[in-house]
Amino acid sequence: MAKQLLLIDGNSIVFRAFFAMHNQIDKFTNKDGLHTAAIYGFKLMLDHVLENFHPDAALVAFDAGKVTFRTKMYADYKGGRNKTPEELTEQFPYVRELVRDSGLHTYELKDYEADDIIGTLAKEGDEAGYETLIVTGDRDLTQLASNHTTVAVTHKGVTDTEHYTPEHVKEKLGITPTQIIDMKALMGDSSDNYPGVTKIGEKTAIKLVKQFGSVEGIYENIDQLKKSKMKEHLVEEEAIARQCKTLATILRDAPIDIKLADLNYNGPQTEKLIDFYQKMDFRSFLKKLDVLSDEQEVEIAPIKYTELTANNLELVSQLGDRGSFYLEMPDANYHTSPFAGFVIGNGKQWLVSRDSELLKTKQVREWLADSAIKKDVFNAKAQIVGLNRLGIELKGIDFDLLLASYLLNTNDNSNDLGKLAQEHEYADVQTDEEVYGKGVKRAIPNDEIFFKHLANKARAIEKLRSSLFKQLDENEQLPLYTDIELPLAHVLAKMEITGVHVNAQTLKDMGSKLTERLAEIKEQIYQEAGEEFNVNSTKQLGQILFEKLKLPVIKKTKTGYSTAVDVLEKLAPQAPIVENILQYRQISKLQSTYIKGLLKVIHSSDQKIHTRYLQTLTQTGRLSSVDPNLQNIPVRLPEGRQIRRAFVPSYDGWQIFSSDYSQVELRVLAHITGDHNLQEDFKNGEDIHASTARRIFHLKPEERIDRDMRRRAKAVNFGIVYGISDYGLAQRIHVSRSQAHEFIQSYFKEFPKVKDYIHDTIEFARKNGYVETITHRRRYLPDINAKNFSRRSFAERTAMNTPIQGSAADIIKIAMIRMQDELEKHHLKAKMLLQIHDELVFEAPKEEISVLSRLVPDVMDSAVKLAVPLKVDSKYGDTWYDLKK
DNA sequence: TCGTTCACG
DNA sequence: ACGTACGTGAACGAT
């Protein structure tokens with residue numbers, strides 16, 4: 001077998017590793033305060049590569065400095081780059097140390113870049129019969145791909161790579177690897193800061209290279225090009241194009257003073273690596289080495305536990321004033337999941353059992369219900385609901401690992417305790433999948449393994465408490481945790497336990513009518529199509545519409561023809577079948593998701609639906625609702641709205657009551673931007689879309705605002721909140737892109753501080769890597785500095801949207817906590833049932849409706865003090881459908 | 001398991 | 001030249 005050569009582009013991988021882990025930058029520091037994320041990421045990459053590739057020779061090349069022969073030739077080369085952050089530069093010496101301890105050679109050469117070293121050695125490798133793998137974060141190196149050299153470019157993160165062979169390059173770009181140089185010469189490279197030829201981008205560059213072979217080929221045959229602007233640019237900028245080609249070309253003959261023979265790879269120097277890991281506090285890598293040397297099973301620090309039985313319950317009372325508690329419910333739905341066992345305890349003693357009946361004993365029950373004993377848990381809400389099913393109260397919750405972890409970083413949040421602990425650099429607990437298995441094989445294991453796992457979980461919660469609290473404090477998030485999210489978990493638990501009464505018969509009656517209608521429409525569709533097919537299949541439907549009936553294709557998806565509503569609406573005038581398909585879709589959605597779906601989840605014991613609110617999922621701080629989702633019950637279309645007739649109060653003589661915030665997101669926008677005009681409009685109680693229309697269309701006071709103007713202004717308002725683009729706005733309100741552009745400009749002129757806010761927020765995100773809401777809820781945006789345009793743009797839109805959507809979420813959460821307090825304080829029978837982002841739904845005895853009509857809006861509009869008033873509207877009725885003012 | 005579609009704020 | 005408004009969940013067919 002051919003010898004194998006590994007060449008790693010040190011600088012680009014270090015950069016990649018650093019930015020890939022940028023959102024956790026503070027988590028990766030050693031005890032001396034050294035940042036270690038890039039070092040850690042580099043090692044991840046290295047291990048990953050060496051798993052699949054076993055080199056005989058290996059080298060990591062680094063840049064020797066900023067000055068190279070390229071900067072001497074072209075002063076602006078790589079100009080305009082941001083200064084490398086200090087947190088990164090300090091890591092380079094350690095990366096080199098790591099590389100050498102790992103048994104790889106390092107090399108750098110004055111005046112040359114790492115690329116050139118790699119290019120030169122790869123060529124030598126090719127000639128000496130090596131199979132070479134180049135690993136880099138820089139796509140430019142793909143020009144080095146050959147029959148015996150593969151270039152692995154990191155894709156996202158550091159271990160996910162895309163392998164470029166000449167075939168792969170051909171497939172992706174249609175050219176050879178060396179032609180990539182010509183392509184880049186023509187199109188330029190904004191990150192290396194050389195221009196290429198004006199107006200030539202990737203598409204045009206590839207076309208030219210395919211046609212003429214190379215930059216030189218183009219100029220030899222320039223006469224063949226028809227007269228055009230492009231030709232003029234090419235002719236005028238010939239010198240630039242040729243110079244860019246030199247800049248883009250990686251050297252294959254740099255004057256290096258090492259030889260392949262010097263680069264033997266003989267594996268890592270384990271002793272040194274262990275020292276290094278200790279210096280860096282890389283616990284997980286240390287664990288891995290232990291596994292290798294000690295066979296197995298030392299993975300997790302040993303733990304002692306005691307099985308709790310009816311005969312040693314006094315141990316619970318002896319635990320003291322703090323302890324972890326964890327009730328294992330193996331199904332995600334804790335309203336119905338069996339109880340597999342529990343653990344209770346602290347560093348002194350871990351008590352475990354499979355018998356949930358023991359929880360009902362006096363000793364345990366009192367321990368759980370004693371608010372003076374602080375409890376550390378994972379997912380407080382689930383624990384409260386689970387225990388409630390056993391008739392047990394859980395009081396004194398102090399630390400919720402899941403909740404705290406979510407607040408620290410919404411991105412890498414997991415519902416699995418083991419995974420989450422690992423995210424926080426705690427390795428002494430496995431994931432449920434590792435212990436219980438997955439799919440059909442998932443099962444609770446024998447006592448020994450199961451009890452140990454439970455004890456490990458409880459210990460992990462305890463061990464992580466102080467560090468997570470400390471991080472919350474550093475982020476100024478303690479009040480968010482203590483005063484909002486943790487109390488909210490209790491409120492949500494109550495709402496979930498209460499549930500919503502749903503009349504199954506109403507749904508069944510609606511269902512049978514819909515079944516009939518569906519059958520009729522389906523018949524008509526088959527007639528019009530001339531054959532029977534599965535209308536639910538977008539693939540089959542596409543074939544019927546666009547191939548058989550030859551309707552024009554308006555939009556395509558990755559997999560074929562798009563048949564989405566906006567497309568079908570455009571086609572509707574051309575063929576009657578389309579209208580029927582739209583009808584069919586609408587009704588079958590109601591039938592499958594809402595009639596059948598809801599009937600499936602009504603609990604037979606109480607005729608209620610008990611949703612679960614996910615408190616630790618969304619990136620903005622909103623809740624979400626599952627099993628079932630009660631936050632998307634139809635309301636917009638009259639047919640769908642009927643579903644709400646089935647949502648009824650739990651008792652005779654009760655009614656449904658609902659209050660919602662009016663325009664809460666735009667009010668938040670007015671508040672956080674400080675925009676004078678926007679604030680005035682709200683303070684004056686204006687119809688905000690109408691007043692926006694008046695401003696952006698420059699209407700005189702006496703001119704009236706027609707419906708269409710208001711509609712457009714409303715779309716602009718939405719657009720602003722979502723991160724507007726002229727294209728997006730144009731699509732939505734059916735105007736030209738340039739008109740949409742004008743609307744936006746006009747908006748920014750009228751509301752100048754909104755424009756400033758967008759700019760400042762994006763700047764803040766670039767600098768800090770995150771954005772935050774009025775309560776310091778954070779969202780990290782790792783893509784905010786991405787090179788890829790669309791990823792970066794997306795991050796920019798979320799940067800400006802998240803503080804708005806998230807602050808609105810904060811506001812209603814505060815209102816919910818206060819509302820629950822008020823209900824209890826006033827001894828009201830009314831129950832809070834649902835939260836739908838800006839709306840709270842209650843059930844209450846008729847006598848209490850007048851109380852709620854004052855109380856709920858009072859609580860909601862005073863939840864926080866903003867620079868503009870909050871407005872709340874209320875309605876009530878006999879069912880959720882019948883709500884009226 | 002993924003992609004598409006469509007329900008909501 | 002890019003590729004298009006933010007945040008969700010469920011059902012279904014295709015793979």
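In what follows, chains carry the letters A, B, and so on, assigned in the order in which the sequence lines appear, proteins first and then strands, with residues in each chain numbered from 1. Quick caveat: nothing in here was measured; it's all calculated off a predicted structure.
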When you compare [N] with [M], how far apart are their [atom1] atoms, in angstrom units rounded to a whole number?
{"N": "C:dT4", "M": "B:dG3", "atom1": "P", "result": "15 Å"}
{"N": "C:dA5", "M": "B:dT5", "atom1": "P", "result": "15 Å"}
{"N": "B:dT4", "M": "C:dG3", "atom1": "P", "result": "16 Å"}

**Prompt:** Can you say whether the rings of A:Tyr561 and A:Phe546 are parallel (under 30°), tilted (30 to 60°) or perpendicular (over 60°)?
**Reply:** tilted
**Prompt:** Under 30°, 30 to 60°, or over 60°: which ring-plane class applies to A:His335 and A:His610, parallel, tilted or perpendicular?
**Reply:** tilted
Considering every strand and a 4.0 Å limit on heavy-atom distances, what is the contact class for [X]: base, sugar-phosphate, or nothing?
{"X": "A:Lys589", "answer": "base"}
{"X": "A:Leu623", "answer": "nothing"}
{"X": "A:Arg585", "answer": "sugar-phosphate"}

**Request:** Indicate yes or no: does A:Arg712 engage A:Asp708 in a salt bridge with an N to O separation below 4.0 Å.
**Result:** yes
**Item:** Short N-O contact, A:Lys419 and A:Glu433, less than 4.0 angstrom
**Value:** no
Choosing from [options], which nucleotide comes nearest the side chain of [X]?
{"X": "A:Thr538", "options": "C:dA14, B:dT4, B:dC8", "result": "B:dT4"}
{"X": "A:Ile724", "options": "C:dG7, C:dA5, C:dC12", "result": "C:dA5"}
{"X": "A:Ser592", "options": "C:dG13, B:dG9, C:dC12", "result": "C:dC12"}
{"X": "A:Asn629", "options": "C:dG7, C:dC12, C:dA10", "result": "C:dA10"}

**Asked** Any side-chain donor paired with an acceptor under 3.5 Å for A:Thr198 and A:Glu237?
**Response** yes
**Request:** Figure out the OH/C1' separation between A:Tyr613 and C:dG9, and round it to whole Å.
**Result:** 14 Å
**Prompt:** Rounded to whole angstrom units, what separation is found between the CG atom of A:Asp627 and the P atom of C:dT8?
**Reply:** 17 Å
Which protein N or O atoms sit under 3.5 Å from an N or O of nucleotides 1-3 of chain C?
{"residue": "C:dC2", "atom": "OP1", "partner": "A:Lys203", "partner atom": "NZ", "Å": "2.7"}

**Item:** Counter-base of C:dC2, judged by Watson-Crick or G-U geometry with both distances under 3.5 Å
**Value:** none
